[in-house]
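This chain uses plain numbering: 1 for the first residue, then up along the sequence. In each ligand, atom 1 is the first atom listed, and ligand 1 is the first ligand listed. These numbers come from the heavy atoms of this one structure, side chains and all, not from hydrogens, waters or symmetry mates.
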Amino acid sequence: MSAAPARRFQARDDLVELEGYHSPQVDVAVRLNTNESPESPPAAFRAQLAAEMADLDWNRYPDRGALELRAAIAAHHGVRPEQVLAANGSNEILQLVCLGFGGSGRSAALFHPTYLMHAQIAALTGTRVVTGNRAPDFSLDLGEVQRVMDESHPAITFLCSPNNPTGTVCSPEEVAQVASLAPGVVVVDEAYGQFARWSALELVNEDSSVVVTRTFSKTWSMAAARLGYLIGPAWLVAELDKVVLPYHLDAVKQLAGRVALRFEAEMIERVRALVSERERLATAMGRLAIEQWPSGANFILFRPLLPAARADGATARRAHGHAVWQGLVDRSVLVRDCGSWPGLEGCLRVTVGTPHEGDAFLSALTSTLTEVLA
Ligand code: PMP
């Protein structure tokens, strides 16, 4: 047996301490854990994309500024192309914002519980993470926002609306208030924006600090393509343009985004169907031994209730939530166990899928709850 080679060097100290982002992928029949669309894009999208891919200049680097894609996204939102930046998923957009506006000596603020990658991406870019808490009903607590702003003067403030994993939608007044309190850029992560009734896009203008990030991964049924974008003031987009690597957005992806936008009517119809399925699920879940929160997204956060006879507390709740998660996996249904996220002990998050998947989830949840509560 040969001994393991002695390690002569190691990664950055702060990296060694980081855990990375994990969402277990278990082999099950019904996957409702990553908020993807349950359906493929329209057949005509695939046909048009395949046909137009044949004409790509494969030996050439892609359009470096992704100008046609930016123009198409801008037209879709009624803004100017200079206000649009596209990247490899909205996670990369968040990273670009941290690279451009965060970094050493600067901080990024966020309000728990929220999307874990905001903290992770900020930390990876050397940006200090400062946090506050949302109110018990998961709405933004403006007093807490003020406290964090006063104490830390963050260069970046992350909001998420609808918020992952709670589903909470910010009101126009809340976002406007945060923008007036925040000394730096306010990123409203709208990965699930189309599922909500209001978008912070209306607050974006040249004199505002608000930028909105969106993705093709959810409503556009294109998680495989890894395409996201930001809408913001043109001056800010110009700064971010300096941060991107040359030719970071490949030609196939640029084309896929442009072709997808031709199918807006189909996308809107899918969103409508998912919203009505979400309401059906929420109503059915309301009859079970769970607590749930109103969602403006394509997922629902819920917490299985502990039986009155059992001792309550964070550890008991977490164990109970995990037992229900396991019971669902045993019935071939995968949801997200959010029990280790700050403030979410015992909570699970289910993605809204097809009605067939919803029925499988409801039946698995009903029998699991009967079993674990017995
Ligand atoms: N923001 C939020 C709130 C998300 O939930 C996700 C996906 N889980 C993302 C951003 C990243 O999406 P993308 O696939 O565009 O990188």
Can you sort out which atoms of ligand 1 are near T215, meaning under 4.0 Å from one of its heavy atoms? 13 (P), 14 (O), 15 (O)
What part of K218, side chain from CB on, backbone N/CA/C/O, both or neither, has a heavy atom under 4.0 Å from ligand 1? side chain
CD/E68: more than 12 non-hydrogen atoms of other groups inside 6.0 Å: no
Please say which of N163, N133, V145 ends up in a side chain to side chain contact (heavy atoms under 4.5 Å, CB included) with F111. V145
Can R31 and E36 be said to form a side-chain contact (heavy atoms from CB on, under 4.5 Å), step by step? CA-CA 9 Å; R31 276 177 45 185; E36 294 148 324; 3.9 Å; yes
Return yes when atom CG of D13 has more than 12 non-hydrogen atoms of other residues, nucleotides or ligands closer than 6.0 Å, and no otherwise. no
Does only the side chain of A223 get under 4.0 Å from ligand 1, or the backbone, or both, or neither? Count heavy atoms. neither
Over 12 non-hydrogen atoms of neighbours within 6.0 angstrom of CZ in R64: yes
Suppose I only count heavy atoms of C160 and a 4.0 Å limit; which atoms of ligand 1 are within that range? 3 (C)
D150 CG to L181 CG distance, which is reported to the nearest 0.5 Å: 8.0 Å
Just jot down the ligand 1 atoms closer than 4.0 angstrom to any heavy atom of S217, in number order. 13 (P), 14 (O), 15 (O)
Test: R317 and E291 ion pair at under 4.0 Å: no
Polar atom proximity, S90 to ligand 1 (N or O, under 3.5 Å): yes
Residue portion contacting ligand 1 (non-hydrogen atoms closer than 4.0 Å) for Y192: side chain
Where the side chain of E92 meets the backbone of G89, is there a donor-acceptor pair that is under 3.5 Å apart? no
Under 4.0 Å between heavy atoms, the region of R226 that gets near ligand 1 turns out to be side chain
Looking only at distances, can you tell me whether any N or O atom of N91, backbone or side chain, sits closer than 3.5 Å to an N or O atom of ligand 1? yes
Against ligand 1, does N35 come closer than 4.0 Å with any heavy atom? no
G228: heavy atom below 4.0 Å from ligand 1, yes or no? no
Tell me the nearest of Y229, F158, F299, Y115 to atom 9 (C) of ligand 1, using heavy-atom distances. Y115
